[in-house]
Amino acid sequence: MNIEEITSYCKRTGIIFPSSEIYGQMPGFYDYGPIGVELANNVKQSWWKNFVQNRQDIIGIDGSIIANPLVWKASGHIDSFTDPLTECLKCKKRFRADHLIESKAEMQSDGLKKEELTKIINDKKIKCPECKSSLSEVKDFNQMFSTNIGAVNGNTAYLRPETAQSIFASYKAVMDSTRISPPFGIAQIGKAFRNEISPRNFIFRKREFEQMELEFFTKKDEKNECPFFEEIKSMKLNILSAEKQEKGISKAEEMSIRQAFEKKIFSNKWQAYWTAESINWMIGLGINPEKLRLRQHMKNELSFYSAGTVDIEFDFPIGYKEIQGIADRTTYDLTQHQNLSKQNLEYFDEKTRKKEILYVAAEPSAGVERIILAILFSALTEEKERTVLKISPKISPYKAAIFPLVKKGLESKSKEVFDALKKEFNCFYDESGSIGRRYRRQDEIGTPYCITIDFDSLKDDSATLRMRDSMKQERIKIKELTEEIKKRINKSQA
Ligand code: ATP
């Protein structure tokens with residue numbers, strides 16, 4: 001499947017469609033449909049359970065989208081959250097210079113300065129892809145969306161371009177209201193907005209998207225004291241190091257996390273641990289491990305705040321692309337906010353009586369949409385007579401679908417089963433079309449179990465339970481259905 005096929009599949013099945021399409025498309029904005037909203041909520045809930053609720057060392061917040069603009073001054077976004085832009089001198093269409101160079105000249109241009117990008121465009125004679133005219137020199141384009149607060153013009157504020165700053169800006173309030181001590185993390189799931197120059201590839205690059213982020217704080221000299229490192233150090237990953245990329249090599253090599261740590265691909269042990277945790281979580285959702293690789297950022301592409309970043313990338317039909325970044329953000333953000341707000345953001349250690357700004361050893365930051373796209377590309381399977389979405393039952397939009405075999409005579413029993421099951425899971429009731437067609441519709445949206453009520457059900461209080469992946473059918477007592485499905489979901493068998 002390619003991006004276009006996934007796009008039309010998502011529209012047809014009610015997963016995702018272009019926003020406000022009746023008025024023409026707004027590039028970069030999409031709506032979740034009835035199936036997509038369930039899928040996205042399940043992905044987010046799974047992340048929250050795994051990274052917050054199941055742990056003692058992580059707490060969560062939900063920050064506002066608009067904050068005091070000084071937040072973005074302190075973080076550096078107002079001055080430098082830019083993408084390189086080039087404009088057609090004739091048709092005035094605008095393009096992201098680095099992406100244009102990558103596609104037209106097939107060369108990596110991450111981290112190059114705008115003067116260097118302009119030179120490549122001139123040297124390689126790259127023209128406007130729309131009208132073939134010449135392109136302008138490359139300029140910085142700030143990606144933040146701005147708005148006005150209240151009735152006063154000029155009271156500019158910004159829609160947050162990342163969720164991370166909400167965590168740093170409310171760090172003091174969190175610390176004052178909890179008794180948490182390092183190492184610990186603050187997590188958040190929420191919307192972020194970036195005025196991308198050219199949003200593209202369906203939901204891969206949107207202007208409004210969601211992030212699942214975690215800031216993990218340690219004392220500066222304890223960033224390698226990760227008690228879980230032993231558990232994950234033998235895990236093997238496909239890794240593309242900065243060194244290899246700097247030599248022009250693009251093939252990843254398999255190595256253990258311990259080896260990668262020794263080669264300084266990870267900048268600290270907590271970063272290695274959160275990378276492993278994130279990859280294990282993704283695999284648990286049904287993302288194909290063979291399509292994942294870890295890419296270390298080269299020196300010239302590192303964000304200004306980062307002492308080391310690794311990206312988890314997925315092999316999409318458009319090539320390996322980032323679905324999650326894990327940055328070592330140092331003490332940069334808290335120091336900046338302390339300086340500008342004049343508030344003390346230091347941590348006071350009761351035992352040593354010492355104060356210090358805590359260190360963000362790792363910031364795992366995943367995009368909900370890119371995770372969903374990787375799930376779809378991993379799980380959507382074309383078989384001879386059907387399309388099946390083989391996702392983990394834990395995240396499937398409906399856990400079960402209930403069908404009366406025929407419309408007449410079975411409605412009351414079928415509704416009874418539906419009413420009982422929907423108290424426990426999100427279920428779907430369908431009485432229209434042939435039974436085969438009804439199975440196919442559920443296969444396509446990943447429903448792991450279909451339950452058919454027939455005339456025997458009225459006599460023996462049993463129903464047919466049909467499994468999505470194997471298409472095997474079993475006869476099962478109606479009163480045992482809920483427990484049986486629960487058991488299977490927990491074991492994740494479809
Ligand atoms: P890219 O280089 O692809 O623009 P980024 O490095 O700017 O991504 P981060 O700032 O590290 O991305 O954001 C963390 C995560 O947020 C990304 O891994 C991605 O999953 C998601 N994300 C970032 N920008 C977008 C976007 N425009 N649309 C959808 N998801 C996004």
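Just so you know, ligand 1 is whichever comes first in the structure, and atom 1 is the first atom listed for that ligand.
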_Pick from Lys206, Met212, Arg370: the one approaching atom 25 (C) of ligand 1 most closely through a non-hydrogen atom_ =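 Checking each option, the heavy atom nearest atom 25 (C) of ligand 1 is found in Arg370.
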
Heavy-atom contacts with [X] under 4.0 Å: which atoms of ligand 1 show up? List them by number with element.
{"X": "Gln211", "value": "13 (O), 14 (C), 15 (C), 16 (O)"}
{"X": "Gly325", "value": "18 (O)"}
{"X": "Ser365", "value": "14 (C), 15 (C), 18 (O)"}
{"X": "Gln324", "value": "18 (O)"}

*Is the closest heavy-atom distance from Glu369 to ligand 1 below 4.0 Å?*
no

_Test item, Glu162 contacting ligand 1 (heavy atom, 4.0 angstrom)_ = no

*Below 4.5 Å, heavy atoms only, C-beta onward: do Ser80 and Phe304 meet side chain to side chain?*
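Yes, at least one pair of side-chain atoms sits under 4.5 Å.
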
_Within-4.5 Å side-chain heavy-atom neighbours: Ser134 and Lys127_ = yes

Which residue holds the protein heavy atom closest to [atom], what is that atom called, and what is the gap in Å?
{"atom": "atom 4 (O) of ligand 1", "result": "Arg205 NH1, 2.8 Å"}
{"atom": "atom 10 (O) of ligand 1", "result": "Arg194 NH2, 3.0 Å"}
{"atom": "atom 22 (N) of ligand 1", "result": "Phe209 CE1, 3.4 Å"}
{"atom": "atom 2 (O) of ligand 1", "result": "Glu322 OE1, 4.0 Å"}
{"atom": "atom 29 (C) of ligand 1", "result": "Phe204 O, 3.2 Å"}

[X] N/O under 3.5 Å from ligand 1 N/O:
{"X": "Gly367", "value": "yes"}
{"X": "Ile203", "value": "no"}
{"X": "Arg96", "value": "no"}

*Between Glu369 and Lys206, is the closest basic N to carboxylate O distance under 4.0 Å?*
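The answer is yes: the pair qualifies as a salt bridge.
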
*Electrostatic pair Lys247-Glu243, nearest N-O below 4.0 angstrom*: yes

_For ligand 1, the portion of Glu196 having any non-hydrogen atom under 4.0 Å away_ = side chain

*Applying a 4.0 Å heavy-atom criterion (strictly less than), which segment of Ile323 is in contact with ligand 1: side chain, backbone, both, or neither?*
backbone

*Of all heavy-atom pairs between Arg207 and Phe145, which one has the smallest distance, and what is that distance?*
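Scanning both residues completely, I find the closest heavy atoms to be O-CE1, 3.7 Å.
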
*Where do Ile312 and Thr275 come nearest, in terms of heavy atoms and distance?*
CD1-O, 4.2 Å

_Please verify the inter-ring angle class for Trp270 with Tyr273; under 30° counts as parallel, over 60° as perpendicular, anything in between as tilted._
perpendicular

*Would you verify whether the NZ or CZ of Arg295 falls within 45 degrees of the ring axis of Tyr320 while also being under 6.0 Å from that six-membered ring's centre?*
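Ring-cation test returns no.
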
*Are Arg205 and Phe316 in a cation-pi setup, meaning NZ or CZ lies under 6.0 angstrom from the ring centre and within 45 degrees of the ring axis?*
no

*Between Asp315 and Glu290, is there a donor-acceptor pair closer than 3.5 Å when you use the side chain of the first and the backbone of the second?*
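No; judged by distance alone, with no hydrogens or angles, the pair does not exist.
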
*Is there a donor-acceptor pair under 3.5 Å between the side chain of Ser303 and the backbone N or O of Tyr305?*
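Checking the backbone N and O of Tyr305 against the side chain of Ser303, no donor-acceptor pair under 3.5 Å is found.
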
